[in-house]
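Letters A, B, ... mirror the listed sequences (proteins, then strands); counts begin at 1. Computed from a prediction, not measured in an experiment: that's the story for all the values here. Below, all heavy atoms of this structure are taken into account, side chains as well, without hydrogens, waters or symmetry copies.
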2 protein chains.
Amino acid sequence: MLAYRRTSCQHLTRENLLTSMTYCLALKVDSGLLLASDSRTNAGVDHINTYSKMRIFDDAPDRTLVLLSAGNLATTQAVCNRLQRDLEDSRSKVNLHKLDYMFDAAEYIGQISRRAQSLTGADQSSVNTRASFILGGQIKGQPPRLYLIYPEGNYIQASSSAPFLQIGETKYGKPILDRLVHSGLSLDDAARLALVSIDSTRRSNVSVGPPFEVAYYERDRLQLTRTLSFDRDDPHFVRLCDQWGEALEQSFSVLPAFDWEEGAQSDV
Amino acid sequence: MLAYRRTSCQHLTRENLLTSMTYCLALKVDSGLLLASDSRTNAGVDHINTYSKMRIFDDAPDRTLVLLSAGNLATTQAVCNRLQRDLEDSRSKVNLHKLDYMFDAAEYIGQISRRAQSLTGADQSSVNTRASFILGGQIKGQPPRLYLIYPEGNYIQASSSAPFLQIGETKYGKPILDRLVHSGLSLDDAARLALVSIDSTRRSNVSVGPPFEVAYYERDRLQLTRTLSFDRDDPHFVRLCDQWGEALEQSFSVLPAFDWEEGAQSDV
């Protein structure tokens, strides 16, 4: 795996149909936040591309925010472009550095997303311009927060009883999260779990692909602890996926026998 | 678990909105077919019911057919009613006992399904009358076959490289099938795998619930070898789910450490 610097979201739209069905997820644990995303976009089977879906905002000393995106690539890029412009334009009254609360940031991004979706001719075509986001981070003096921002612009917050959020192709990777996520996980365990969930998803859906990016945010540090990028043949990622697959096979091979099989236990 | 007799599909429609989001799956292995289904139907959170979604046709000596259904309950019941009427009506030219090939049966069921969907006022309302089916079985002198019948009436066949089919809420339970299904599985292993896949699905989606029904069809027997029904508190099912969950936790706890953690292996 490689440490990586934040990626630019300022590419121009190349394919109006290009969507990132994507899989992004984020976990809120006692020690902080873990955010992870894939990097595949597609518009049918003949337009497969690689774009980062993780945008890191860590220039201000009092806050760090990470934005994950899924959905229409033109929309998600338009949102990132607008966020960047507002940050760089000294006349802008609102930007990610000026907002007081994380929920203000979620609402602001939601409104930008709605505007980006509406400023298209998509309502006269079959193009789906919808996009979803996960926003995680912390503003000094407040606890870390994690939000899912819907295409409609509204948003929900992760809680200790619902400590993970997902966007994009969410179902394949959810069962393992439902079983194993809890607030007491370390960030390293959260990262392993996110990679297992991503591995299950990319095996079942070709619209999800590497590199897989992971960001660690440790509570109250106000900057990222660690950013990782795993390519398909990254030795650690390969070892983790192989070991998980072998453990599942092994676990399956020792499941209880039925009554009529040899080696069956009698029901108590 | 209990052996059970086939269930009647001849209830009358109680709730027009009642749909069975459901999870049904079937595996085609060298030794035969394994079919499994849940039994929950719902029309919103205040109309939860239990209906069998497995219909067994084993009265004819030269064939056994099993039909699994997902989607609008009125549609799936209308289809079962029609299949039954055609079997009992001596004047019917076509029925499940008279068709020469399994694909004829798939096409016949697909056409009945289309008709059932069209004979409603649903196009003037928001009610979704669509339904999907899995048909498995064998006609004497031909190999066992497994078909997925789409709401549009067309159908595909399972093959040795794609040896399982799913309908309903398919995604949560697919990763474990993608990893572990192969044609060499015994019917008992196929049953265990189906139960694990169902367990993952019902944990992530409340529209899938017990009893879970399982049918074994052993190649060339022309009758079912075994039918099982697992209720929520069935001791075997509970033991299987518990053991699987514990094995996953154990597998997760020994995944490779990252470079910066204690106990990390160096990448080769």
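Both the backbone and the side chain of B/E249 come within contact range of chain A, each with at least one heavy atom under 4.5 Å from a heavy atom of that chain. Looking at B/N205, there are no atoms closer than 4.5 Å to chain A (heavy atoms on both sides), in backbone or side chain.
Residue with the most contacts toward chain B among A/S186, A/S204, A/A191, A/A247: A/S204 (heavy-atom pairs, distance under 4.5 Å). When the candidates B/D188, B/D199, B/L248 are compared by the number of heavy-atom contacts under 4.5 Å with chain A, B/D188 comes out ahead. For the options A/R226, A/E246, A/Q250, heavy-atom pairs under 4.5 Å to chain B are most numerous at A/R226. Between chain A and the residues B/T201, B/V196, B/L193, the largest count of heavy-atom pairs under 4.5 Å involves B/L193.
Residues of residues 172-184 of chain B having a heavy atom under 4.5 Å from any heavy atom of chain A, listed by number: B/Y172, B/K174, B/P175, B/I176, B/D178, B/R179, B/L180.
When the shell of 6.0 Å around CZ of B/R221 is examined, it contains more than 12 heavy atoms from other residues, nucleotides or ligands.
In terms of heavy-atom proximity, B/R192 sits nearest to A/L255 at CD-CB, 3.7 Å. Closest of all the heavy-atom pairs between B/D189 and A/F252 is O-CZ, 3.3 Å.
Ring planes of B/F258 and A/H236: parallel class, angle under 30° (limits at 30 and 60°).
Sorted by first then second residue, the salt bridge (charged side-chain N to carboxylate O under 4.0 Å, His left out) pairs that include residues 154-169 of chain A, not counting sequence neighbours, are A/E169-B/K171.
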